[in-house]
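Presented below is the structure to which this report refers.
On a predicted model such as this, the values are computed, not experimentally measured, just so you know. First the proteins, then the strands, lettered A, B, ... as listed; each starts at 1.
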There are 2 protein chains.
Amino acid sequence: MPARSYGQYCGVTTAVELIGERWALLIVRDLLVGPRRYTDLKQGLPRIPTNILSTRLKELQEGGVVRRVPLHGCGLAYELTPYGRALEPILLALGRWGFPAMGDPDEGDVVTPDSLTMALRTAFRPDRARDLDLELHVGDVALRVIVRGGVLAVARLSPPAPPIGGVLPAGEAEAVLVAGPGIRRLIGGEITPAEAVAQDVVALVRGEGRILDAFAQTFHIDPLPA
Amino acid sequence: MPARSYGQYCGVTTAVELIGERWALLIVRDLLVGPRRYTDLKQGLPRIPTNILSTRLKELQEGGVVRRVPLHGCGLAYELTPYGRALEPILLALGRWGFPAMGDPDEGDVVTPDSLTMALRTAFRPDRARDLDLELHVGDVALRVIVRGGVLAVARLSPPAPPIGGVLPAGEAEAVLVAGPGIRRLIGGEITPAEAVAQDVVALVRGEGRILDAFAQTFHIDPLPA
DNA sequence: CCGGATCCGAATCGATACTG
DNA sequence: CAGTATCGATTCGGATCCGG
């Protein structure tokens, strides 16, 4: 019936009709980090036109992927439904798939707190994880990254004002890591931690050198078939 | 640089820029079944405009997802690169995710041989699989479905002219199953095989009744969180 | 018949402005 | 803060056309 339907009775087609429109999956990506207000989403997706953002949110609600929730006290937020949250493994796999094709950032490309958080989740290897507690700085984004017993927790330090459920861990991190876009090559195993430091793609501002090794082992994406 | 970029340096964003355009993922879906000629793809995607099909094929080639291969003797075909084939688990997961949202077919929706083949793959449970050899008819699509030792093989019987690598299994299938769209409810566990027969959503034209039970156990998609 | 290229109206997207 | 309104720029969809 809808003119814009793919005209097939198939699960993939249905999925693409629900989350295949432009920007939709990036909205889901940010909501996987936590509930977000309209303005949070707009900031996390700097290039999205506001009319597209509201259209997508409406469509995702109709599709049962997203719902609106009143924010304790005042305002409102969008969050994934359980059905929407079931996209998490798919989005992580998609992020891993896209990783080798990232190349170098285009001029004007940004890294947002939510995209970096999800990037850490895509690269996280529970099986090889070492315990960690560090601050990761990329551009003006700063995250607190804590790994304990194979479980990853990421909290946003800056830009501040953790959107909704942001709970700041107490105490100081063991290390502070400042990275540029080249950190992709460390995660991808193209270079070793030592080379990464030598080539200035990361700098260990505070903490012991072995922490960088633990980081590289814990966050890693294997090369895909060329 | 590209005006249509999402402006973020992130694996998910990169992936969506490679395969997020309209129709792209459905082209990948069909190519996961096997190499296809331009005309095969056009027939498998009846509503795709031809200019979109050629544009997407060009983009997918530039992205390293698809490549052109000369067809033994004459003509040419498109096939997935190893990198493109790495999308298979993601597409299967997407098909499973979309499955519960399929509802009933819209008027004019079609089922194609490739989409049905992929649907069987998404629903296939190697762990619970029982050996099977049957013909499955849905609309005017007929497939030969063979499960041996937890391995699924699907061949296209009709519409005939298996596009490229179609190898027809020798001999006769043990059973012939004719199904309508309601087979979704059997796969989803909403109804039992007995109910499916009683409600005419499937008909066992030939073969023993236990084959239908084996089919329902082998092809199953669990409900997702509402 | 195969593998597209071209043309054009319709729908969507992107950018900016504006409002309760 | 949370969107709507507007409008030009793109893209999509449908049809036709063309060279092998």
Side-chain angles (χ1 to χ4, degrees), chain A residues 1-8 13 16-17 19-27 30-31 35-62 66-79 108 110 161 163-164, chain B residues 1-8 13 16-17 19-27 30-31 35-62 66-79 108 110 159-161 163-164:
Chain A
M1 179 79 192
R4 207 139 200 281
S5 151
Y6 290 100
Q8 303 200 354
T13 308
V16 171
E17 283 173 353
I19 49 147
E21 296 296 301
R22 201 163 159 72
W23 292 104
L25 223 42
L26 301 186
I27 294 172
D30 282 10
L31 291 179
R36 293 288 180 263
R37 289 174 299 185
Y38 184 91
T39 312
D40 300 327
L41 291 168
K42 193 170 62 167
Q43 291 211 346
L45 274 7
R47 306 252 285 236
I48 195 175
T50 64
N51 54 349
I52 298 295
L53 178 56
S54 26
T55 304
R56 289 295 168 271
L57 286 170
K58 242 169 277 171
E59 292 163 351
L60 290 170
Q61 284 173 79
E62 283 168 23
V66 163
R67 66 181 165 216
R68 289 164 73 135
V69 289
L71 216 42
H72 69 328
C74 61
L76 73 157
Y78 296 89
E79 69 174 12
V110 298
I164 285 166
Chain B
M1 178 80 191
R4 221 172 140 72
S5 151
Y6 290 100
Q8 303 200 356
T13 307
V16 171
E17 283 173 355
I19 49 147
E21 296 295 301
R22 202 163 158 71
W23 292 103
L25 223 43
L26 301 186
I27 294 172
D30 282 10
L31 291 179
R36 293 289 181 264
R37 289 174 302 184
Y38 184 90
T39 313
D40 300 326
L41 291 168
K42 193 169 61 166
Q43 290 211 345
L45 274 6
R47 306 253 284 237
I48 195 175
T50 67
N51 56 347
I52 299 294
L53 178 55
S54 21
T55 303
R56 290 296 169 269
L57 286 170
K58 239 169 277 170
E59 292 163 352
L60 290 171
Q61 284 174 77
E62 283 168 22
V66 163
R67 65 182 164 214
R68 289 164 73 135
V69 289
L71 216 42
H72 71 328
C74 60
L76 71 157
Y78 296 88
E79 68 173 15
V110 298
I164 285 166

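Distances shorter than 4.0 Å separate none of the side-chain N or O atoms of A:R47 from OP1 or OP2 on C:dA15. A close approach under 4.0 Å does not occur between any side-chain nitrogen or oxygen of B:R56 and OP1 or OP2 of C:dG4. Look at B:K42 and you won't find any side-chain N or O under 4.0 angstrom from OP1 or OP2 of C:dC1. Residue B:R68 has a polar side-chain atom (N or O) positioned under 4.0 Å from OP1 or OP2 of C:dG4. Contact between the side-chain N/O atoms of A:Y78 and the OP1/OP2 oxygens of D:dG3 is found at a separation under 4.0 Å.
D:dC1 atom P lies 8 Å from atom CG of A:D40, rounded to whole Å. In this structure, the CD1 atom of B:I48 is 15 Å from the P atom of C:dG3, given to the nearest Å. The nearest whole Å value for the distance from the CD atom in B:Q61 to the C1' atom in C:dG3 is 13 Å. With rounding to whole Å, A:L53 atom CG is found 13 Å from C:dG14 atom C1'. Per the geometry, CD1 belonging to B:I52 stands 7 Å off C1' belonging to D:dG13, to the nearest Å. Counting to the nearest Å, the P atom of C:dT12 and the CH2 atom of B:W23 are 15 Å from each other. Spacing between atom CZ of B:R4 and atom C1' of C:dT12 amounts to 9 Å, rounded to whole angstrom units. Remark: C1' of D:dA2 and CZ of A:R37 are 11 Å apart, rounded to the nearest angstrom.
Between B:E79 and B:R37 no salt bridge is recorded (no basic side-chain N to carboxylate O distance below 4.0 Å).
Remark: the A:N51 side chain and the D:dG3 base include no donor-acceptor N/O pair separated by less than 3.5 Å.
From A:L45, atom CG reaches atom CZ of A:R56 across 11.5 Å, with rounding to the nearest 0.5 Å.
Across all strands shown, B:T50 has heavy atoms under 4.0 Å from base atoms, whether or not it also approaches the sugar-phosphate. Contact annotation for B:L76: backbone-only contact, meaning every heavy-atom pair under 4.0 Å involves sugar-phosphate atoms and none involves a base. Contacts of A:S54 with the nucleic acid, taken as non-hydrogen atoms under 4.0 Å apart, include base atoms.
If you check C:dC13, C:dG3, D:dC12 against the side chain of A:E21, the one that comes closest is C:dC13.
B:Q43 is not listed as a side-chain neighbour of B:R36, based on a closest heavy-atom distance of 4.5 Å or more. By the 4.5 Å heavy-atom criterion applied to side chains, A:Y38 and A:R68 are not counted as neighbours.
The nearest pair of heavy atoms linking B:I27 to B:I48 is CD1-CD1, 4.4 Å.
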